Number of protein chains: 2
Amino acid sequence: MTATRILQRDLVFQGRIIKVALERVLLPSERETQLEIVRHPGGAAVVALDEEERVCLLRQFRHAAGGWLWELPAGKIDPGESASVTARRELAEEAGLSAAEWVDLGRMHSSPGVFTEVIELWMARGLTRQAPAHEPDESIEIHWLPMSQALDWCTDGEITDAKTLVGLYRAGAFLASAVALMAEDPGC
Amino acid sequence: MTATRILQRDLVFQGRIIKVALERVLLPSERETQLEIVRHPGGAAVVALDEEERVCLLRQFRHAAGGWLWELPAGKIDPGESASVTARRELAEEAGLSAAEWVDLGRMHSSPGVFTEVIELWMARGLTRQAPAHEPDESIEIHWLPMSQALDWCTDGEITDAKTLVGLYRAGAFLASAVALMAEDPGC
């Protein structure tokens, strides 16, 4: 991928989580433009499946969305942390779960026009339950749904959170391809 | 959905597209917290399918993502505009297309922890080609891919843009359910 050349960067806000800058950049077309860029450390989200193929979904209050959303256990990457460590930490803190088996479901850009956030997605199986450790600012309920119902909710619009939609759809495609492979090879 | 009560809002940045504020809010738990909130007007994105079930994908340079991404025709809602008008306008400007048939694919929250952006998703068929009208700041190539290949790219990670992933997966589920309905009722 071709990187842009940043000609000038004016930091306009430095918060706890995000930094906002006006960036004058040289595009691949050699044209100059000024962009509003929200820099974010990135995050990780986890599709945690139990032995009955039920998925852990959190019912979580989000001020920026004006209400309660269904979300995968997820959170932002802490300084110096790798995304896979973030995934394990957030699964433990938010859902009270640890997992023996991890499948990498790839990454997504939340809103690449203005926002640098990249979320790394995982599927986790072989779960062990422990006590969650919700942060005081978090309003979270833990729920378990059949994966088939969660996928229906992705399509009918009950689920609207982007990382949750992408994680569930990719996990559904992974599970369907695993079933297809087993059907092709009855010796499995 | 329960709305939060905003106790105080300090605007820290007002840009062309986004506004950034520090907001002190009262959560449903009656706890007070301060949040960094990026306000965005929202957007619309379109899964445009031709008569051979090929989908229009744009190869677009995104400074915030550090390179070129595959994206649906999409854009932000202009002041006073409805999301369905945005969808039609962006499909014409970015892809050079108008459409006779529109299917509502619901909405998504790009990153509801800090970002208010909601994207309305649509499927468009019955296409007519016209000349696109790319903005000078846009670096865009127009491509057409079989829908099945686009869905494979959603799952294998070639496509990473959230709205594009969610739009394609929801359109894929819609098309699969339409095929299933036709198989149930051979009179269709």
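It should be emphasised that the depicted structure is a prediction, and the values quoted were computed from it without experimental measurement. Convention: sequence-line order gives letters A, B, ...; per-chain numbering from 1.
- Rounding to the nearest 0.5 Å places NE2 of His40(B) at 5.5 Å from OG of Ser111(A).
- Figure legend: Arg170(B) and Trp153(A) shown without cation-pi pairing, the cationic atom not lying both under 6.0 angstrom from the six-membered ring centre and within 45 degrees of its axis.
- Both the backbone and the side chain of Val12(A) come within contact range of chain B, judged by heavy atoms closer than 4.5 Å.
- Of the atoms belonging to Ile37(B), it is side-chain heavy atoms, and not backbone ones, that fall under 4.5 Å from chain A.
- At a cut-off of 3.5 Å, with distance as the only test, no side-chain donor of Tyr169(B) or Thr155(A) sits close to an acceptor on the other residue.
- For a residue to count as touching a neighbouring chain, one of its non-hydrogen atoms must lie under 4.5 Å from one of that chain's; by this rule Gln60(A) does not touch chain B.
- Without hydrogens or angle criteria, Glu36(A) side chain to Ile18(B) main chain gives a donor-acceptor distance under 3.5 Å.
- Trp68(B) does not carry Arg62(B) over the face of its six-membered ring by the limits of under 6.0 Å from the centre and within 45° of the normal.
- Comparing Gly113(B), Ala74(B), Gly75(B) by heavy-atom pairs within less than 4.5 Å of chain A, the highest count is held by Gly113(B).
- Heavy atoms closer than 4.5 Å to chain B are found nowhere in Leu121(A), neither backbone nor side chain.
- With chain B as the partner, the residue from Gly43(A), Ala171(A), Ser110(A) showing the most heavy-atom pairs under 4.5 Å is Ser110(A).
- Of the residues considered (Ala162(A), Ser29(A), Gly106(A)), Ala162(A) shows the highest number of contacts with chain B, using heavy-atom pairs under 4.5 Å.
- Of the atoms belonging to Ile119(B), not a single heavy atom falls under 4.5 Å from chain A.
- Proximity to chain B (any heavy atom under 4.5 Å) is shown, for Phe115(A), by both the backbone and the side chain.
- Between Trp102(B) and Trp122(B), the ring planes lie perpendicular to each other; the angle is over 60°, past the 30° to 60° tilted range.
- In this structure, Arg89(A) pairs ionically with Glu81(A), as a charged nitrogen and a carboxylate oxygen lie closer than 4.0 Å.
- Annotation: maximal heavy-atom pairing with chain B below 4.5 Å, among Arg39(A), Glu117(A), Glu71(A), occurs at Glu117(A).
- Summarising the geometry, atom CG belonging to Leu26(A) is positioned 11.0 Å from atom NE2 belonging to His63(B); distances are rounded to the nearest 0.5 Å.
- For chain A, the option among Leu165(B), Val166(B), Val118(B) with the highest count of heavy-atom pairs below 4.5 Å is Leu165(B).
- Here the straight-line distance linking atom CG of Asp50(A) with atom CZ of Arg54(A) works out to 4.5 Å at 0.5 Å rounding.
- Top candidate by heavy-atom pairs under 4.5 Å with chain B, chosen from Ser177(A), Gly172(A), Pro112(A), is Pro112(A).
- Within the 4.5 angstrom heavy-atom criterion, atoms from both the backbone and the side chain of Val114(B) approach chain A.
- In this structure, chain B has heavy atoms under 4.5 Å from both the backbone and the side chain of Ile17(A).
- Only the side chain of Val25(A) comes within less than 4.5 Å of a heavy atom in chain B; its backbone stays farther off.
- Interface check for chain B: of the options Thr164(A), Thr116(A), Leu22(A), the most heavy-atom pairs under 4.5 Å are formed by Thr116(A).
- The neighbour count for Lys76(B) NZ, taken as heavy atoms of other residues, nucleotides or ligands under 6.0 Å away, is above 12.
- No part of Leu105(A) comes within reach of chain B, as not one of its non-hydrogen atoms sits under 4.5 angstrom from that chain.
- Salt-bridge annotation for Glu141(A) and Arg59(A): absent, with no side-chain N of the basic residue lying under 4.0 Å from a carboxylate O of the acidic one.
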